[in-house]
2 protein chains.
Amino acid sequence: MVIPTSQCHSMPQINCSSCRLNMLCLPISLELTDINKLDEIIQRGRPIQRGDHVYHAGDKFRSVYAVRSGAIKTVSNTQDGQEQITGFYLPGEIIGMDGLATNTHSNSAIALETSAVCEIPFGRLEELSAQLPNLQRRFFQLMSKEITNDQQLITLLSKNNADQRIASLLLSISARNHSRGLSAEEFYLPMSRSDIGNYLGLTIETVSRVLSRLHKQKIITLDKKHVLINDMTALRNLALTSDKP
Amino acid sequence: MVIPTSQCHSMPQINCSSCRLNMLCLPISLELTDINKLDEIIQRGRPIQRGDHVYHAGDKFRSVYAVRSGAIKTVSNTQDGQEQITGFYLPGEIIGMDGLATNTHSNSAIALETSAVCEIPFGRLEELSAQLPNLQRRFFQLMSKEITNDQQLITLLSKNNADQRIASLLLSISARNHSRGLSAEEFYLPMSRSDIGNYLGLTIETVSRVLSRLHKQKIITLDKKHVLINDMTALRNLALTSDKP
DNA sequence: CGGGTCATTGAGTCAGCTCAAGGCTCGTGG
DNA sequence: CCACGAGCCTTGAGCTGACTCAATGACCCG
């Protein structure tokens, strides 16, 4: 019933070369000796609790962070005091790249559940990047991935209705879990309904109604935050703009 | 009446150190000798006409491009055949960074009017970046800026109504014109109503109605694509979420 | 002058919002 | 052990801002 979550936030002594996420994370395409060089600059902190900040909007930019376990949301504050969740980040994904442009974080990063992150001091990463072309390329790629992700969200918000938005989010989490070796069909949503609504530009009531409807239609089975995708094909079709066939 | 546009697309022989955009573009924070090194790798093409592509979605990623004159839109195609405009780019701004993640452009870049771009082969830029820390930093910053821009658009689409979206777009173009030494109050919109609607997640009718209303309220004076901002303060207030004061 | 593209304006519809009520769960304290 | 309050979620009912559909106008180019 309960899907066991990774225990690695209790093992701060782990290093990149033995981390089971290293095929997703920053070290991709690095040689072992280069991974070890990267390892030396990475600082592994103690677990952070639900609601704790990894960094605050306005903080001086010093580091980027790899999520090692748990789940993190990034939140940007608009000038008029609203909060917009700009992303949910799962193990192996990198946060903090928003801080480079102005040397100050424009977002806050907040743990959705007990989590652990690897801190990567950016100054050291820059130096190492200049020496290791593969690392430089890899980091450019990660930033580019961030851009294309954001653009997909823009499209979702601009063109898609509530059903499509929710279906797309479920499919995204499913696919990312799958790439980490977990089930694509069964998982826990680490965020609240309110977080989902904020992220997708919907009210909490609409999120709740859509999820209830998907459950009634037997496309998913939903119990609180536990999701079981019964009909992946139907969910994928729902995520597409169902105009002309 | 007619605001003269830059003529530099007819002067391909110009180089970075003499380009009047060099305080906005890639060369910021480079020494003169380093600018000259950058200059050597940049290829300046002939003018491109309205509707022409700088690159197509699916093209192999080879270069990024600095807009030298005119205006460019970037368009991403969703799997189900829809088009989403993800940005409008004015002189001094960089396009093409979407291609890094997968080595293939995920967007198309299309000229909104007669334009010129500087092509910057990415392989050469990477090599040079490894040698020039300031250039590496500058390029990271540009990508980070792209991310924060996209996140602002996400917030706009997620939280703001039609009036706020239109007002924000007008203010953004105004500010970017101003930073290029042009008028903040008076400018031409390089894109169609349909492009505006696509970008902002609105129908063309709504765009037209909102612009007409702003004109009737004397906040702007609108004649086709020519915009005169009469009351910058009112426009700024409109762009803010006008909930609790 | 005709045909095409782009923009404006009006009228009616509807998806998602607001407002409101109530349920479930968990922790705290009597 | 149960009562109670605080969060979080669900569900219903009615409203509204933006959409759809439709007609018309303005401009450009051959």
Side-chain angles (χ1 to χ4, degrees), chain A residues 1-2 49-51 73 82 85 110 112-114 156-169 188-217 220-227 238 241-244, chain B residues 1-2 49-51 73 82-83 85 110 112-114 156-170 188-217 220-227 238 241-244:
Chain A
M1 188 59 149
V2 169
Q49 302 301 317
R50 178 186 154 91
K73 65 176 173 183
Q82 292 195 98
I85 296 177
I110 304 173
L112 291 166
E113 59 190 41
T114 305
L156 198 67
L157 293 172
S158 177
K159 300 269 180 293
N160 292 11
N161 65 24
D163 287 18
Q164 293 162 350
R165 295 183 202 187
I166 302 268
S168 295
L169 177 61
Y188 279 87
L189 293 172
M191 71 294 283
S192 67
R193 302 288 191 267
S194 157
D195 284 339
I196 295 175
N198 184 303
Y199 176 69
L200 294 177
L202 301 170
T203 58
I204 182 174
E205 294 94 331
T206 299
V207 173
S208 183
R209 277 185 251 269
V210 172
L211 287 174
S212 296
R213 181 146 32 83
L214 293 181
H215 180 87
K216 276 188 202 118
Q217 293 172 182
I220 64 173
T221 304
L222 184 70
D223 180 27
K224 317 279 158 52
K225 305 198 162 191
H226 176 243
V227 175
L238 208 67
T241 311
S242 49
D243 278 4
K244 294 128 204 164
Chain B
M1 190 55 151
V2 170
Q49 301 302 318
R50 176 187 157 89
K73 66 176 173 183
Q82 291 196 98
E83 292 196 337
I85 296 176
I110 303 173
L112 291 165
E113 58 189 44
T114 305
L156 198 66
L157 293 173
S158 177
K159 300 269 182 291
N160 292 10
N161 64 23
D163 287 18
Q164 293 163 349
R165 295 183 201 187
I166 302 268
S168 295
L169 177 62
L170 293 176
Y188 279 86
L189 294 172
M191 71 293 284
S192 67
R193 302 287 191 268
S194 158
D195 284 339
I196 295 175
N198 184 304
Y199 177 68
L200 295 176
L202 300 170
T203 58
I204 182 173
E205 294 95 329
T206 300
V207 172
S208 183
R209 277 185 251 271
V210 172
L211 286 173
S212 296
R213 181 147 31 84
L214 293 180
H215 180 88
K216 276 188 201 116
Q217 292 171 183
I220 65 174
T221 303
L222 183 71
D223 180 28
K224 316 277 158 53
K225 305 198 161 192
H226 176 244
V227 175
L238 208 66
T241 313
S242 48
D243 279 3
K244 294 125 203 166

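Residue numbering restarts at 1 for every chain, and letters A, B, ... go by the order of the sequence lines. Computed from heavy atoms alone, side chains included, the values below leave out hydrogens, waters and symmetry copies.
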Counting just side-chain N and O atoms, does [X] come under 4.0 Å of either OP1 or OP2 of [N]?
X        : N      : answer
B:Ser192 : C:dC6  : no
B:Lys224 : D:dA26 : no
A:Thr203 : C:dC17 : yes

Provide, to the nearest angstrom, the distance between the [atom1] atom belonging to [X] and the [atom2] atom belonging to [N].
X        : N      : atom1 : atom2 : result
A:Lys159 : D:dA18 : NZ    : P     : 16 Å
A:Leu157 : D:dA18 : CG    : P     : 15 Å
A:Arg165 : C:dC17 : CZ    : C1'   : 13 Å
B:Leu222 : D:dA26 : CG    : P     : 15 Å

Checklist entry - Reckon B:Leu211 touches a base, only the sugar-phosphate, or nothing at all at heavy-atom distances under 4.0 Å? => result nothing
Checklist entry - Which part of the nucleic acid, if any, lies within reach of B:Ser208 when heavy atoms closer than 4.0 Å are counted: base, sugar-phosphate only, or nothing? => result base
Checklist outcome for this item: Sorted by position of nearest nucleotide on DNA chain D, 5' first, the leading residue of A:Arg50 and B:Gly201 is A:Arg50
Checklist entry - Which of the following nucleotides, D:dC9, C:dT18, D:dA18, is nearest to the side chain of A:Glu205? => result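 Output: C:dT18.
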Checklist entry - Which nucleotide in the list C:dG10, D:dT11, C:dG16 gets nearest to the side chain of A:Arg209? => result D:dT11
